[in-house]
Every structure is written in C-alpha cells, then in structure tokens.
**Student:** 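Encoded as structure tokens, here's the structure I'll be asking about.
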Amino acid sequence: MTDRSFVCRCEDVTLGELEHARALGLERIEEIKRYTGLGTGPCQGKECLATLARWMHAKAKAPGELLTPFTPRPPLEPVTFAALASLPAHDEADQASASAPEEDA
Amino acid sequence: MARIPLRRHARDETGQAEATPGGRARAELRFDGETVPCREGESLVSALLCAGQMMTSRSAKYRRARGPYCLRGDCGTCLVRIDGRPNQKACMQRARAGQQVASQNKQRADALDPTRLVDAAFKQGMDHHHFMVKPRVLNQVMQTVARELTGFGHLPDAEASAPVGHEHRDLDLLIVGAGPAGRAAAARAEAEGITYAIVDRRDAGALASPGLWVAAQRAPANVERVGIFAAYRDEAAPTQATEAELDAPHRAVRGVWAGHADEGPALRTYAAKHVLVATGARDSMLPLPNNDRPGVVAARGLLELIERDGLVCKEDSIVVVGDGAYAHALADRLRAVRVDPDDVVRIVGRDRVKGIETKDRKLSCDFVAMAGQPAPSHELAVMAGAQSKFDGAGFAIVRDDLGVCARAGGTTIWAAGDVCGYMGPQPAFEDGRRVAETIMQRLREASHAGHPAQLADPGDTQRLAAADTNTNTNTNTNEDER
C-alpha cells in the first residue's frame with residue numbers, strides 16, 4: 001500500500017494533490033474544490049473543509065479573511081425523494097398561511 | 001481470525017437470560033453474508049466492530065479500504081446497504097434482529113478484487129484531469145470503467161413500501177441540536193411555557209452518552225429525532241424588511257426549516273419566530289499518512305460509542321492523536337496513549353489499522369483516534385444567511401452580543417454553543433442558557449405589546465439593524481452572486 005495522507009477521504013484527495021493544485025496557481029477553497037473534487041463526495045465537505053482551511057492557513061499562509069467556505073446547499077442530511085414528494089403543492093401552502101392569524105413572526 | 005478490537009462489557013457475556021440488564025435482547029444480523037451477533041438497539045457500528053468488521057467500502061479513486069470514522073453522522077465512510085437500501089450511515093442506525101447489511105463499492109471476495117492494484121499502480125497520485133484523455137476511444141472506455149467504480153451504492157431493491165407523510169408545525173422557537181447548548185435552551189423554553197420543539201438527528205441512546213461533559217445534563221424527553229436538512233426562506237419573503245413593512249399588516253413571512261424524521265417516516269417543516277442553531281462542532285480529519293485506514297476514528301465519537309453501548313477496549317488498543325486540552329482530555333477518558341500529530345510518521349496496516357509509527361517508537365493498536373480541535377458545524381446557519389469566520393479550527397458562526405446570527409424573512413436566527421467556535425460542553429450549556437434568556441425576553445415583549453409585531457421595541461429594531469450592518473453586509477451580495 002502506498003503511503004498517502006488524505007484530506008478528503010470521500011473523493012480520495014491527498015495532500016500531494018493539494019500541493020499539485022497549489023502549484024497550478026489555485027488559491028481559493030472554491031477553486032481547489034472544483035479542481036480536485038474535495039468536498040463533493042457524500043459528506044459534502046463536513047469532514048474535509050475544515051482540514052483544507054487549516055492546511056491553507058498553515059502551509060499556504062492564506063490569511064483567515066480570505067478563507068471562505070463553499071456555499072452549503074440542501075440537503076444537509078440524507079433525504080429520500082419520497083419524503084420530498086410529500087410536501088404540499090405550493091398553492092396549498094399559500095392557502096394555509098393566508099388563513100393563519102396575521103402576525104409578523 | 002481477525003483481531004477483535006472491541007467487546008461488549010463482560011457483564012453481558014455471562015448473562016444467562018436472553019435480555020441484558022439494559023433491556024437489550026441478543027440477536028443476530030448478517031454483514032456481507034456472515035452472521036454478526038448484536039444487541040437490539042445498540043449502534044450498528046458497535047455490532048460490526050465487535051465482530052471485527054472494520055471495512056464498509058473501498059474508496060472512489062485509489063480503491064483503498066474505508067471504515068467508520070466520525071461515529072456521529074458527519075463523514076461519508078460508514079455507508080452500508082441495509083435491507084436492500086443503499087447508502088445508510090451505519091453510525092446512525094440501530095442494530096436490529098435479521099438485518100441484512102452489506103458493504104458497498106467493493107467485491108464480496110475482497111482478495112479477488114483486481115481494483116485493489118490501483119493504489120500501488122498510481123504511487124505518484126492520479127490527476128483525473130489528465131488521465132487517459134487521449135486517444136478518444138481510450139477516454140470513453142476509461143470513463144465507463146470509472147463510472148462503475150466511483151459510484152456509491154446501487155439502486156434499492158424495491159420502492160419504499162410505506163408512504164411518507166408530511167407534518168408542519170408553527171412554533172415560537174425551534175431548537176436545532178440537543179447537545180449541551182440546545183438542552184439549556186429547551187429547559188428555559190419549557191419553564192417559560194412557549195411553543196417550541198427541540199430536534200436532533202441522533203437517537204436517545206447517543207444523546208445519553210456524556211462524552212467529555214463532566215456535569216452532563218440529561219436530554220429532555222421531548223427531543224424529536226429529526227435531521228434538519230435545509231433552511232428555506234418563504235418564497236415571498238423580503239430578505240431585509242424595512243420598518244414600514246414590518247408595521248404594515250401583511251402575509252406572515254417565515255423561514256421554513258425542513259427536516260426529515262428518522263423514525264416513523266415523515267417529512268417535517270417548521271415555521272418559527274425564532275430558530276436557535278445549536279448544531280455543535282465536529283471532529284475533522286488530521287492529514288497524516290494512511291489516515292484513511294479502517295480503525296482510524298474520531299476520539300470523541302469512539303468515547304461516546306463505548307459509553308452508549310457498554311463496550312470495552314483491549315488495553316493499549318487505542319492511540320489518540322492530537323495536542324491541546326481536548327486531546328489530553330480524550331486520551332485520559334479513553335485510557336489511551338496520546339501522540340502529537342507532528343511526531344507521527346505513518347499509520348500502519350493494510351486493510352485496517354495495525355499500529356502507528358512515531359519518530360521515536362512504533363505502537364501497535366486497533367484504533368487511531370483523532371483528537372484535533374473540533375470544527376463548527378456551520379452549514380445550516382450559513383444556509384439561513386449567517387456569516388462565518390475561520391477560527392483556526394474551522395468556520396465559526398458570527399453573531400452579535402445577544403446571539404443573533406441572521407434574519408430570514410420574519411424569523412430571527414440565533415446561534416449558541418460550539419457552532420460559534422468550540423468552547424466545550426459546560427461553556428456551551430451556559431451559552432445556550434444565556435441566548436435562550438434573550439429569546440424568551442423577545443417573545444415576552446412581543447406578546448405584551450398587544451399587537452403581533454415581532455419587534456415591539458424601537459430600540460430593538462435599531463440594535464438589530466446595527467447588528468445586521470455589522471454581520472450581514474454581504475448577505476444580499478452573496479445572494480446576487482449565487
């Protein structure tokens with residue numbers, strides 16, 4: 001087995017690959033994500049985003065202000081299409097809230 | 001015979017009755033065709049580890065063995081197929097009699113899987129952008145093969161048999177997370193008598209593990225097992241209402257928070273005047289050689305699993321990797337040797353952890369337990385409009401002095417506890433209590449004012465507007481860019 005240090009285990013992105021991306025001139029978290037695939041696996045960066053940020057801060061000397069997390073998108077938890085399909089259609093939802101007592105929530 | 005890294009407490013093994021004192025009946029399930037003894041209701045991961053089954057899949061590119069890591073529902077490597085349904089997180093499932101569990105993305109007869117050779121073949125790494133691009137025919141063949149290998153799981157055996165219902169609730173307060181901060185807020189809400197819900201994706205057994213919380217408070221009985229997966233604004237809601245708009249009567253504008261209940265299938269939506277995000281922080285990975293081996297776990301997750309299911313580790317079978325107070329505390333509780341990440345040369349073992357090499361010694365062990373400073377679980381709050389800031393460990397939610405981190409339509413979003421930067425369980429509990437106090441005050445002011453406007457106090461509006469300016473100046477810009 002080859003010795004490898006993983007940053008993203010879902011997509012098999014190693015420290016070596018991050019160095020390679022950096023050598024190509026990629027400096028932002030979003031760029032590195034797009035090139036290496038880091039953060040695009042089943043966990044969507046929950047394990048690796050922080051690790052990448054720490055590495056960039058320590059090794060690439062990226063200042064904290066320049067580190068931006070990738071945009072979080074739904075779903076954050078596994079959810080089935082069957083569950084999503086159970087939502088009421090938009091007009092039903094409108095009718096429901098129109099009849100609700102008026103409050104600025 | 002594989003070395004077994006964990007056992008159930010000795011008390012269980014000698015019990016003569018079918019049921020153990022904790023009420024957990026002995027049962028059997030199957031993993032990859034092999035019988036695995038289990039206790040009804042324990043974590044599925046406990047059952048697998050106690051049977052020496054450390055590997056749940058092979059990785060996408062280098063086809064290396066993977067197993068459970070975080071043990072708390074955050075990472076992506078404990079995914080297994082259960083009763084014909086793919087990609088279930090083993091750490092979030094309970095062992096049940098007769099379950100048919102299977103690993104994914106690997107051949108049954110592991111030794112015959114030819115793709116294992118990929119790891120040795122690509123010692124310098126594989127840059128998928130430049131791999132087998134030309135000639136075109138070769139590229140097409142490569143893509144077909146790659147698609148087969150890099151997917152996760154196969155389609156379910158059958159459609160879901162039970163229809164999934166939808167339930168909507170209108171609340172004064174939604175508390176997301178039943179860790180220390182969430183619990184403190186729930187206690188406050190209960191005492192105040194408001195309409196609230198507290199949700200957590202973990203089950204009661206997991207919530208009962210104290211972990212590092214020395215003075216652990218019990219989770220309230222009304223925690224609902226719901227995994228919040230999105231924060232949706234009401235479509236028609238303005239992102240920043242002017243004072244005039246708030247005063248004028250208009251259709252109720254609320255953020256709608258969608259969740260998915262893990263038990264008794266139901267999709268939940270919540271509309272709340274206030275949402276408290278208390279989602280905590282998670283144990284992110286430390287990049288060390290061969291940190292992907294089955295047996296590499298998060299130290300905190302391992303501790304909670306051991307407590308939850310009454311497990312026992314062989315002596316010297318855990319090595320904790322980390323420095324700082326957090327790592328020391330975990331090494332102490334796990335009765336494990338602790339090594340500094342900087343001293344680690346490599347983790348040893350082929351398909352599972354056999355040991356760890358440091359600069360001055362070699363230790364054999366079954367678990368390498370990572371204990372880096374936890375990184376905030378920021379995603380939900382940021383999705384709702386909060387700003388985050390890198391805090392050295394991860395991305396912490398930015399909030400004002402009172403705890404407000406965002407506004408979504410007419411809903412105020414608050415943040416408390418480790419999601420604002422890891423502070424530890426007791427400080428998180430106190431932080432949750434403090435923020436909840438302000439939320440209660442807001443609710444009281446709103447109802448005493450007689451009319452239903454959320455911001456009854458003009459001073460309130462100004463303070464929130466100032467907070468908005470300081471922390472949310474980029475909110476609209478980001479929306480446009482997206």
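Heavy-atom basis, side chains included; hydrogens, waters and symmetry copies ignored. Here is the naming used below: chain letters follow the sequence lines, and residue numbers restart at 1 for every chain. Source: prediction; values computed, not measured.
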**Student:** Evaluate salt bridge (charged side-chain N to carboxylate O under 4.0 Å, His left out) for A/E77 paired with B/R201, printing each intermediate quantity in order.
**Tutor:** CA-CA 9 Å; A/E77 294 292 318; B/R201 66 183 177 186; 2.6 Å; yes

**Student:** Can you measure from SG (A/C43) to CG (B/L79) and round to the nearest 0.5 angstrom?
**Tutor:** 9.5 Å

**Student:** For the CG atom of B/D283 and the NZ atom of A/K46, what is their distance to the nearest 0.5 Å?
**Tutor:**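 Going from the CG atom of B/D283 to the NZ atom of A/K46 covers 15.0 Å.
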
**Student:** For A/T2 and B/D119, indicate whether the former's side chain and the latter's backbone hold a donor-acceptor pair under 3.5 Å.
**Tutor:**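 Answer holds: yes.
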
**Student:** With a 4.5 angstrom heavy-atom cut-off, is it the side chain or the backbone of B/S377 that approaches chain A, or both, or neither?
**Tutor:** neither

**Student:** Check the side chains of A/R54 and B/S284 for a donor-acceptor pair under 3.5 angstrom, ignoring hydrogens and angles.
**Tutor:** yes

**Student:** Give the intermediate values and the outcome of side chain to side chain contact (heavy atoms under 4.5 Å, CB included) for residues A/D12 and B/H128.
**Tutor:** CA-CA 11 Å; A/D12 269 356; B/H128 55 275; over 6 Å; no

**Student:** Is the shortest heavy-atom distance from the side chain of B/M285 to the side chain of A/F6 under 4.5 Å?
**Tutor:** no

**Student:** Is there a donor-acceptor pair closer than 3.5 Å between any side-chain N or O of B/N290 and the backbone N or O of A/R4?
**Tutor:** yes

**Student:** Measuring only between side-chain heavy atoms, which start at C-beta, is B/M383 closer than 4.5 Å to A/L76?
**Tutor:** yes

**Student:** Treating B/R66 as the side-chain partner and A/R9 as the backbone partner, does any N or O pair qualify as donor plus acceptor under 3.5 Å?
**Tutor:** yes

**Student:** Considering only heavy atoms, which portion of B/I228 lies under 4.5 Å from any heavy atom of chain A: side chain, backbone, both, or neither?
**Tutor:** backbone

**Student:** Which bit of A/I29 is near chain B, if near means a heavy-atom gap under 4.5 Å: side chain, backbone, both or neither?
**Tutor:** side chain

**Student:** Examine whether an atom of B/R350 lies under 4.5 Å from a heavy atom of chain A, and if so say whether it belongs to the side chain, the backbone or both; otherwise answer neither.
**Tutor:** both

**Student:** Which region of B/C75, side chain (C-beta onward) or backbone (N, CA, C, O), has a non-hydrogen atom less than 4.5 Å from a non-hydrogen atom of chain A, or is it both or neither?
**Tutor:** both

**Student:** Do B/K61 and A/E17 have side chains that get closer than 4.5 Å, going by heavy atoms?
**Tutor:** yes

**Student:** Of the backbone (N, CA, C, O) and the side chain (C-beta and beyond), which part of B/Q373 lies under 4.5 Å from a heavy atom of chain A, both, or neither?
**Tutor:** backbone

**Student:** Is the shortest heavy-atom distance from the side chain of B/N87 to the side chain of A/P78 under 4.5 Å?
**Tutor:**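 The answer is no; the side chains never approach within 4.5 Å.
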
**Student:** Looking at CE of B/M370 and OG1 of A/T51, how far apart are the two atoms once the value is rounded to the nearest 0.5 Å?
**Tutor:**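 Between B/M370 CE and A/T51 OG1, I get 9.5 Å after rounding to 0.5 Å.
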
**Student:** Name the region of B/Y62, side chain, backbone, both or neither, that has any atom closer than 4.5 Å to a heavy atom of chain A.
**Tutor:**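 The answer is both parts of B/Y62.
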
**Student:** So what's closer than 4.5 Å to chain A heavy atoms on B/K89: side chain, backbone, both or neither?
**Tutor:**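 B/K89 touches chain A through side-chain heavy atoms alone.
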
**Student:** Which atoms of B/R63 are under 4.5 Å from chain A, going by heavy atoms: the side chain, the backbone, both sets, or neither?
**Tutor:**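 Only the backbone of B/R63 comes within 4.5 Å of chain A.
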
**Student:** For A/C48, is it the side chain, the backbone, both or neither that has a heavy atom under 4.5 Å from a heavy atom of chain B?
**Tutor:** neither

**Student:** Nearest 0.5 Å please: distance from the CG atom of B/N291 over to the OG atom of A/S5.
**Tutor:**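 Going from the CG atom of B/N291 to the OG atom of A/S5 covers 6.0 Å.
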
**Student:** Side chain, backbone, both or neither: which part of B/S59 has an atom under 4.5 Å from a heavy atom of chain A?
**Tutor:** both

**Student:** Go through A/D3, A/V13, A/L84, A/T80 and name the one with the most non-hydrogen pairs under 4.5 angstrom from chain B.
**Tutor:** A/D3

**Student:** Between B/F395 and A/L67, is there a side-chain heavy-atom distance shorter than 4.5 Å?
**Tutor:** yes

**Student:** Could you give all pairs that pass the ring pair (Phe, Tyr, Trp, His ring centres under 6.0 Å) test and reach residues 15-56 of chain A, with sequence neighbours left out?
**Tutor:**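 Pairs touching residues 15-56 of chain A that pass the test: A/Y35-B/H129.
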
**Student:** Heavy-atom distance under 4.5 Å to chain B: side chain of A/L15, backbone, both or neither?
**Tutor:**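 Only the side chain of A/L15 comes within 4.5 Å of chain B.
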
**Student:** Which region of B/D172, side chain (C-beta onward) or backbone (N, CA, C, O), has a non-hydrogen atom less than 4.5 Å from a non-hydrogen atom of chain A, or is it both or neither?
**Tutor:**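 Neither part.
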
